[in-house]
Amino acid sequence: MENLLSTKGEFKVVPESYILPPEDRPGNTKVPLCDTIPVIDFKGKQAKLVHQIIHASKEFGFFQLVNHGIEEKLLQDVLEVSKEFFELPVEDKASFISDDPMKSCKIFTSIDYPREDVHYWRDVLRHPCHPLEEHIQFWPQKPAKYRDVVGAFTAEVRKLSVCLLDLISKGLGLEPGYFQDKAELLEAQLMAINHYPPCPDPSLTLGLPKHADANLISFILQEMDGLQVLKDEQWLALKPVPNAFVVNIGHILHIISNGKLKSAEHRVVTNKNLLRTTISIFIYPSHSCQVEPATVLTNDDNPPLYRAFIVKDFLGTFMVDTYQRKPPLDRYMLQS
Ligand code: OGA
Ligand code: NI
């Protein structure tokens with residue numbers, strides 16, 4: 001509990017253990033807000049929409065989705081209830097604070113506080129959210145609206161993710177129903193509330209280190225800037241678009257697409273004056289699911305770039321490689 005940033009009050013200086021080695025620091029040069037990461041209107045004509053989504057996923061691995069059909073009120077409520085949760089007195093949060101990877105609903109700080117060399121400027125509440133009836137009983141009961149609001153929100157994002165994956169599968173030319181609601185590939189869904197407190201010196205720290213998401217696809221709700229995407233060795237700062245979802249391709253979808261869609265690296269910078277709260281929704285396959293490049297996308301001219309694996313094993317090696325700063329896909333690559 002003593003490790004959480006949110007229970008420590010205001011910081012006057014950055015504690016030594018949060019100061020990154022010089023080569024990893026974001027430094028003082030401000031990354032301008034980027035105008036090129038596509039903002040895609042989900043109500044557009046299907047053919048155009050498919051084209052835009054595939055183009056953005058190949059080019060950037062990231063895009064923003066507007067007119068996605070999830071009510072503004074629900075988005076605002078979920079952000080509000082998330083902020084309220086972190087504002088609760090410590091005793092209301094204490095039972096969730098844990099480093100135990102098996103605990104369903106938990107608050108922890110940084111990435112893996114006990115094991116990492118340098119800590120990151122973030123606290124997070126994370127829990128599974130699908131199927132709802134298996135998980136909701138472990139969620140916070142304070143604020144009083146938490147379970148209702150988050151339950152409604154996560155169910156809506158799930159529907160949106162199924163629609164979006166259907167369009168992606170059309171765009172890639174996969175067989176119909178490749179990503180169905182019931183499919184093992186999208187069996188799991190996690191929600192994280194990321195809480196990035198103001199940081200006295202953002203040039204020295206990061207809220208999240210450079211990483212790409214391990215899962216299939218992720219949705220992020222954000223109100224202010226801080227998220228940066230790496231493209232051609234340049235950091236691009238994502239512009240906050242009101243009520244939009246930031247969508248990004250994870251490693252598993254990159255592999256299924258046989259490298260066509262990009263799982264782009266990204267990071268979070270801190271802010272000197274403002275608290276930043278974001279919501280991440282991660283769509284994951286079940287642990288026992290086998291993943292490999294879709295067979296319709298491979299042939300003699302386009303041989304599979306990755307070997308098949310079981311998700312549980314991949315998530316294990318992903319963690320190990322990430323700690324050792326090794327590219328997590330290398331060990332799955334086939335020699336061509
Ligand atoms: C993540 C992530 C970005 C953000 O949770 O994996 O990249 O802006 N979050 O919080
Ligand atoms: Ni991420």
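In listed order, ligands and their atoms are each counted from 1. Numbering of residues begins at 1 and proceeds along the displayed sequence.
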**OP:** Scan for ring pair (Phe, Tyr, Trp, His ring centres under 6.0 Å) pairs involving residues 75-102, sequence neighbours excluded, and state none if there are none.
**Re:** Phe86-His195

**OP:** Output all residues satisfying side chain to side chain donor-acceptor pair (under 3.5 Å) with Asp35, sequence neighbours left out; order by chain, then residue number.
**Re:** Lys239

Subject >> Tyr306: which of His254, Arg331, His251 passes side-chain hydrogen bond (donor to acceptor under 3.5 Å, both in side chains) >> reply: His254

Side chains of [X] and [Y]: do they bring a donor and an acceptor to under 3.5 Å?
| X | Y | answer |
| --- | --- | --- |
| Asp213 | Asn248 | yes |
| Asp201 | Ser203 | yes |
| Thr270 | Thr205 | yes |
| Thr277 | Glu223 | no |
| Gln137 | Arg147 | no |

Where does ligand 1 get N/O contacts under 3.5 Å from the protein, atom by atom?
| unit_1 | atom_1 | unit_2 | atom_2 | d |
| --- | --- | --- | --- | --- |
| ligand 1 | 5 (O) | Ser280 | OG | 3.0 |
| ligand 1 | 6 (O) | His211 | NE2 | 3.1 |
| ligand 1 | 6 (O) | Asp213 | OD1 | 3.3 |
| ligand 1 | 7 (O) | His211 | NE2 | 3.3 |
| ligand 1 | 7 (O) | His266 | NE2 | 3.0 |
| ligand 1 | 8 (O) | Arg276 | NH1 | 3.1 |
| ligand 1 | 8 (O) | Arg276 | NH2 | 3.0 |
| ligand 1 | 10 (O) | Tyr196 | OH | 2.7 |
| ligand 1 | 10 (O) | Thr278 | OG1 | 2.7 |

Original post:
Which protein N, O or S atoms lie under 2.8 Å from the Ni ion (ligand 2)?
Top reply: His211 NE2, Asp213 OD1, His266 NE2

Subject >> Note: Glu175-Lys170 ion pair, threshold 4.0 Å (strictly below) >> reply: no

